[in-house]
Number of protein chains: 2
Amino acid sequence: MRATIRDVAKAAGVSAATVSRALNRPDLVDPETLERVRKAMEEMSYQPSAIARGLSARRSDTLGLIVPGITDFFFNELYKGIDRASQQYGMKVLLYDSEHSRERAFEGFSILSGYQVSGIIFTSKLVTEDYDPILQRLNIPVVLTLTQSAAKTPLTAFRIDEVRAMFDVVAYLVSRGHRQIAMIAGKLWDDRTGELRLEGYREGLRHFGIEYSEARVEFGQYRFDDGYQAMQRLLDRIREVPFTAVCTASDEMALGAIRCLNDHGYRVPDDISVMGFDDLPIARMVTPRLTTVAQPFHEIGAEAVKWLVRAASQPPSPSEIGDYLLPHRLVERESVRSMN
Amino acid sequence: MRATIRDVAKAAGVSAATVSRALNRPDLVDPETLERVRKAMEEMSYQPSAIARGLSARRSDTLGLIVPGITDFFFNELYKGIDRASQQYGMKVLLYDSEHSRERAFEGFSILSGYQVSGIIFTSKLVTEDYDPILQRLNIPVVLTLTQSAAKTPLTAFRIDEVRAMFDVVAYLVSRGHRQIAMIAGKLWDDRTGELRLEGYREGLRHFGIEYSEARVEFGQYRFDDGYQAMQRLLDRIREVPFTAVCTASDEMALGAIRCLNDHGYRVPDDISVMGFDDLPIARMVTPRLTTVAQPFHEIGAEAVKWLVRAASQPPSPSEIGDYLLPHRLVERESVRSMN
DNA sequence: TTGTAGGCGTTATCAC
DNA sequence: GTGATAACGCCTACAA
């Protein structure tokens, strides 16, 4: 059996209350006593029960994280930021995979709150109005990352300016002499991000006086195979609707697109240029290295944690609640050719 | 404030004990009462406190997972297997990243046990004798994945037959007509895996009557850059020590090696063949698609959970404790050329 | 079948 | 500075 606070107390010749204080408010306890208690803890290799602590203090030093899919490539990066920041605050992270299901996401809030998490980070899926009832009952802070809210409950979110990011992509492509630019956009039923990036693409074209054509746009669900197939469709009509560059809504789709291009004898970037989006670690490992937009995953994760920790100690004022846009960055590598 | 078991009890006109039973042993409660209680829970959207439950029942329906690094590419795959299986058993997973530090790994056991986890999965680092004291005090089951134990405490582990796997790689390469086979092996201070794979390589060579040469072996810490640099060193002496194929200890290093080869004007597999190890999702996304050894990550994760759940209910007999080797599989794709 | 009571390991509020 | 003592929300004998 593990030693409890009472065991330590007995060994140190003090009361449990004193041991508790030694742990939480060492400044309130006599240095000598403190020393005795610490020695006792050491000797018994005492580890306070986070469970009991959580029950009693009504907090658990634990953060809940709801992700749509653990295998989504960006997850690791986001998680890294979250984990690092959590540690700084002495927090643990409890992970919940909603498996892209809305019902499971709902359940996630409920279950995590059963663990007394002091806050919940919700990721990458649009929060719609049907989340409101759940959000209302929840008496713990929630923060969004890589997505935003369309619900009534005010929610703060950390993400990039999606529209602007894709606008920048177009601008970059144009600066490299491309005018016939296709897009493999993202589309998921509960995903706003895809639309925003598409909007950025359209704005970019408009800004540079390039006509938008539906025939140059295909959609995919962000994964490799989606990118492959979307490119396949684009290629099917390349004669009628030619393009020299393709921008995509994810690195993974970019890889799929490149693979498809290769399979059809096109070289990247010599024949056709491809742009990714995300700047995942693999982006620099493939040939050609992917030119892409870097999302500040780590920072976003860290900011989310910071926000939650802060919100737990003092409820944020309404003016502090809202969307925070973190800077993205265009990373130039090898998958785009200059036509100039 | 969230509803407690007492609130539900009051609403349903029963005692808290009955609500508890309705939750845990519905068979012991009158169907009508059960119905009333369930309705009350529904209406109040009652979610039992996992914390209180854990404290009282001395179990938490939570599994602890200690990984050396959250950003290690294989992690997602392992986690997926663990998460899926955990769900089946109604378990949550608490993640702890030891950041490749032994001290943090020690701490991980302690912290996780403070969360009353019903078991701990330890990943991919060799468990040495200095873990013994910690392991001894721990009164919860521990299972190893993707690694093994060199400690005194008997521990069960799920992994592949590393030696055999690399032997198979060599055999495959030989069957494709390669005789000059280099290796980029793995090396980490607390890693036995690297040695085993190297051993398999040597055994393979020996079996096919090929002389082993230290000059054909380089080491790396499994990451992309390590693979790149190791290949660089191999290339530096390719005149004196030629090779037509390279096997590696990880897909990531294989990617690095390929990238290095490309940078020096070698084509893969036309000029030099490269084999990966792991079969991560990216293996099929790159050009050339990686020929590699598939580790059964999902199964290993699932088995680990199953074992833990079982061990929690009834302590495993000594004969059940040990190494379980799961089958690996050689996946033939495009990065190896046939010389025949 | 259901209720009462005690306890799980902490923390927090009081006195002392 | 320190020690009782009462929660925290649930589970589990035991009694009814």
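Chain identifiers are assigned alphabetically (A, B, ...) following the order of the sequence lines, protein sequences preceding nucleic acid strands; residue numbering begins at 1 within each chain. Model, not experiment: these values are computed from the prediction.
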*Measure from the side chain of A:Thr4, starting at C-beta and using heavy atoms only, and say which of C:dT10, D:dC10, C:dT2 lies closest.*
C:dT10
_Looking only at the side chain of B:Ala17 (C-beta and beyond, no hydrogens), which of the listed nucleotides D:dC10, D:dT12, C:dG9 gets closest?_
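For the B:Ala17 side chain, the nearest candidate turns out to be D:dT12.
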*Determine, stepwise, if the pair A:Phe75 / A:Leu65 fulfils side chain to side chain contact (heavy atoms under 4.5 Å, CB included).*
CA-CA 11 Å; A:Phe75 163 74; A:Leu65 172 59; 4.2 Å; yes
_Value rounded to 0.5 Å, distance of CZ in B:Arg38 from OG1 in B:Thr33_ = 11.5 Å
*Contacts of type side chain to side chain contact (heavy atoms under 4.5 Å, CB included), residue B:Glu99, not counting sequence neighbours*: A:Arg84, A:Gln87, B:Asp97, B:Arg104
*Identify, residue by residue, the members of residues 18-28 of chain A with a heavy atom below 4.0 Å from DNA chain C, and return them in order of residue number, or none.*
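Per residue number, the list reads A:Ser20, A:Asn24.
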*What parts of residues 108-120 of chain A reach DNA chain C, counting only heavy atoms under 4.0 Å away?*
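Contacting residues: none.
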_If you assign A:Val14 and B:Ala16 each to the DNA chain D nucleotide with the nearest heavy atom, which residue ends up on the more 5' nucleotide?_
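Its nucleotide being nearer the 5' end, the pick is A:Val14.
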*asked:* Do B:Thr156 and B:Glu320 make a side-chain contact, defined as non-hydrogen atoms from C-beta onward lying under 4.5 Å apart?
replied: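 Result no, sub-4.5 Å side-chain heavy-atom pair not found.
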_Close approaches to DNA chain D from residues 33-57 of chain A, in residue order (heavy atom, under 4.0 Å)_ = A:Thr33, A:Leu55, A:Ser56
_Inter-axis angle, terminal five-pair segments of the helix from C:dT1-D:dA16 to C:dC16-D:dG1 [nearest 10°]_ = 40°
Mind listing the side-chain donor-acceptor pairs of residues 119-128 of chain A below 3.5 Å, one per line with the distance, residues two or more places apart or on another chain?
from	atom 1	to	atom 2	distance (Å)
A:Thr123	OG1	A:Ile66	O	3.3
A:Thr123	OG1	A:Thr145	OG1	3.3
A:Lys125	NZ	A:His100	ND1	3.0
A:Lys125	NZ	A:Asp190	OD1	3.1
A:Thr128	OG1	A:Arg102	NH1	3.1
A:Thr128	OG1	A:Asp130	OD1	2.4

